[in-house]
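Computation of the quantities below employed the complete heavy-atom set of this structure, encompassing side-chain atoms and omitting hydrogens, waters and symmetry-equivalent molecules. Proteins come first, then strands; the chains are lettered A, B, ... in the order of their sequence lines, and each starts at number 1.
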There are 2 protein chains.
Amino acid sequence: MAERGRPRAFDRNQALHQAMMLFWEKGFQGASMSELTAAMGINAPSLYAAFGSKDALYRQAMALYEEGDGVVLGREIAEAPTAKAAVEAYLMRSAALFTRPGKPAGCMVVLSVVHGAGTSPQTSEALRDARNEAQAVIEARLRRALEAGELPATCDPAMIASFYVTVQQGMSIRARDGATRPELEAIAQASMAAWDGLTQMQG
Amino acid sequence: MAERGRPRAFDRNQALHQAMMLFWEKGFQGASMSELTAAMGINAPSLYAAFGSKDALYRQAMALYEEGDGVVLGREIAEAPTAKAAVEAYLMRSAALFTRPGKPAGCMVVLSVVHGAGTSPQTSEALRDARNEAQAVIEARLRRALEAGELPATCDPAMIASFYVTVQQGMSIRARDGATRPELEAIAQASMAAWDGLTQMQG
DNA sequence: AGGATTATTTATCGATCGATACAGAAAGGA
DNA sequence: TCCTTTCTGTATCGATCGATAAATAATCCT
């Protein structure tokens, strides 16, 4: 049951990684086919044979991105000892991820809200689902803390999660605008100054 | 000294307003010349004669945007009795501006960080200047409060302004993602829960 | 070895991009 | 009235967009 036909002459994963980097940097519309093929080191027919279309390639690049940075952030939230530590780790890790040298600034999925114009409805929906999931993970962590008695029953997990996700998305914009890691970390810490007040608010 | 030649057959301000709306909604790259001329109700040669180029048209549309919503937000900050009230008004007014029916969601200038790919260096610089100015206005208001003794001398106006501008920029993303005005207002109020902590922090 | 299958390279395809050439139309100035 | 000036509509420019047709090359199976 070996593979039939002429073997592929390029590394599919490596080519997809290069496509992800270009989409991440320039967005869907901003990355042209000629730029993509140049970055991936292949010709257009090879790209279409391996990935289907520009739109399908973007979805696969987005999945690869989530398997990387998305999983990293998810682990930070899951492994933190308290809800407050989870949110703080989520923001501080984001500050680091958004400013890595050699990688595009900010979050690929978040920036696609604006970048994403021109994608298919299927891809737009996948992007929206990914963003909603990020908030759902934080909200679930807060709700777990609330049920464990770590937080007062009067606080509003959905609202708190919405706030901190908004801060993180704002950090994506700032990173794209040239903010450094220390600047983003200061913003993250500033938002944590609201924690005590938020966790005592009524829902 | 009356105007020479054939008079213009369209309202220049009205056409520019239509261009602003389209750029605001779709970004520079996302708004094509054919879409622009259709929205403005004129043909391409008229557009180039009146505005110069697509890039120059974008700059003029941006200036019109700043004369509108930008001035509104600046007035909120200037007229508020205290620094805290200024920041809160800035965020609450943003929540309203970002969700007006019949207008694109979010801030045109902020979203151009991502949207703006493809503009000339001159336009990119103008957009960055506009964003920096927003933060400078808030920082100046905080500094004024600090010098008036309204805030403790140990607090950091630049850091506080950076935080609240980040929240407002995050609200732009959320608005683009479908957040409603009440949701954005809740986020704005949540961020104000950090005020007391931030204004007692050391710089 | 020979046929089947798949990937590669080259050379495009029609559509759309931003931007203009050109000729006719509508105004003021002489 | 005729000339100059400016705007308008038509028609189109070269470049680039995303996507493919066709021919060739490389592998497996029999």
Side-chain angles (χ1 to χ4, degrees), chain A residues 1-16 18-20 22-23 25-62 112 115-124, chain B residues 1-16 18-20 22-23 25-62 112 115-124:
Chain A
M1 275 289 271
E3 300 168 4
R4 299 278 299 263
R6 177 173 176 171
R8 186 175 284 127
F10 62 94
D11 186 318
R12 193 184 190 279
N13 290 334
Q14 188 173 339
L16 182 57
Q18 294 301 322
M20 177 195 73
L22 196 65
F23 278 133
E25 179 187 353
K26 300 200 166 191
F28 179 78
Q29 282 186 321
S32 69
M33 283 301 302
S34 56
E35 288 175 311
L36 284 165
T37 54
M40 299 166 79
I42 60 178
N43 296 117
S46 295
L47 189 155
Y48 282 90
F51 300 102
S53 68
K54 186 187 178 185
D55 194 80
L57 173 63
Y58 185 87
R59 282 196 298 277
Q60 294 168 69
M62 183 189 71
S112 72
H115 258 149
T119 59
S120 66
Q122 179 183 357
T123 299
S124 294
Chain B
M1 278 288 270
E3 300 169 7
R4 300 278 299 266
R6 177 173 177 173
R8 186 175 285 126
F10 62 95
D11 185 319
R12 193 184 190 280
N13 291 333
Q14 189 171 339
L16 182 58
Q18 295 301 322
M20 179 195 72
L22 197 63
F23 277 134
E25 179 186 353
K26 300 198 167 192
F28 179 78
Q29 283 187 322
S32 69
M33 284 300 303
S34 56
E35 287 174 311
L36 283 165
T37 54
M40 299 165 80
I42 60 179
N43 294 116
S46 297
L47 188 156
Y48 282 90
F51 301 100
S53 67
K54 185 188 178 185
D55 194 80
L57 173 63
Y58 185 86
R59 281 195 298 277
Q60 295 169 69
M62 183 187 71
S112 73
H115 257 149
T119 59
S120 67
Q122 180 182 357
T123 300
S124 294

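Rounded to a whole Å, the CD atom of B/Q29 is 11 Å from the C1' atom of C/dC17. One can place CD1 of A/I42 at 18 Å from P of C/dT6, the figure rounded to the nearest angstrom. The distance from atom CZ of A/R8 to atom P of D/dA26 is 17 Å, rounded to the nearest whole Å. Counting to the nearest Å, the P atom of C/dA19 and the OH atom of B/Y58 are 15 Å from each other. Rounded to a whole Å, the CD atom of A/E3 is 10 Å from the C1' atom of D/dT27. A straight line from CD of A/E35 to P of D/dA19 spans 15 Å, rounded to a whole angstrom. As a whole-Å value, the separation of B/M40 CE from D/dG9 C1' is 16 Å.
Positionally, the nearest nucleotide of DNA chain D for B/G5 lies more toward the 5' end than for the other of B/G5 and B/A9. For the pair B/M33 and B/P7, nearest-nucleotide mapping onto DNA chain C gives the more 5' position to B/M33.
A heavy-atom distance below 4.0 Å to DNA chain C is reached by these residues of residues 45-56 of chain A, ordered by number: A/P45, A/S46.
Note: A/S124 OG to A/D55 CG = 8.0 Å, rounded to the nearest 0.5 Å. How far OG1 of B/T37 is from CG of B/L47: 7.0 Å, rounded to the nearest 0.5 Å. The CZ atom of A/R59 lies 5.0 Å from the OG atom of A/S120; values are rounded to the nearest 0.5 Å. Between atom CD of residue A/Q18 and atom CG of residue A/N13 there is a gap of 12.0 Å, rounded to the nearest 0.5 Å. Interatomic distance, CE of A/M40 versus CG of A/L57, reported as 5.0 Å (0.5 Å rounding).
At the phosphate of C/dA27, neither OP1 nor OP2 sits under 4.0 Å from any side-chain N or O atom of B/R4. Between B/S34 and C/dC17, a side-chain N or O to OP1/OP2 separation shorter than 4.0 Å is present. Phosphate proximity of D/dG9 to B/N43: present, with a side-chain N or O under 4.0 Å from OP1 or OP2.
Side chains of B/F28 and B/T123 form no contact here, defined as non-hydrogen atoms less than 4.5 Å apart.
Closest to the side chain of A/S32, from the set D/dG18, C/dT20, C/dT9, is D/dG18. Distances from the side chain of B/R6 to the nucleotides D/dT6, C/dT10, D/dA19 place D/dT6 closest.
Other residues, nucleotides and ligands contribute more than 12 heavy atoms inside 6.0 Å of the CD atom of B/E35.
Comparing the end axes of the helix from C/dA1-D/dT30 to C/dA30-D/dT1, each fitted to five base pairs by superposing C1' atoms of four pairs onto the next four, gives an inter-axis angle of 10° (nearest 10 degrees).
Between B/F23 and B/Y58, the two ring planes are perpendicular [angle over 60°; tilted spans 30° to 60°].
By the 6.0 Å and 45° rule, A/R12 does not stack over the aromatic ring of A/F10.
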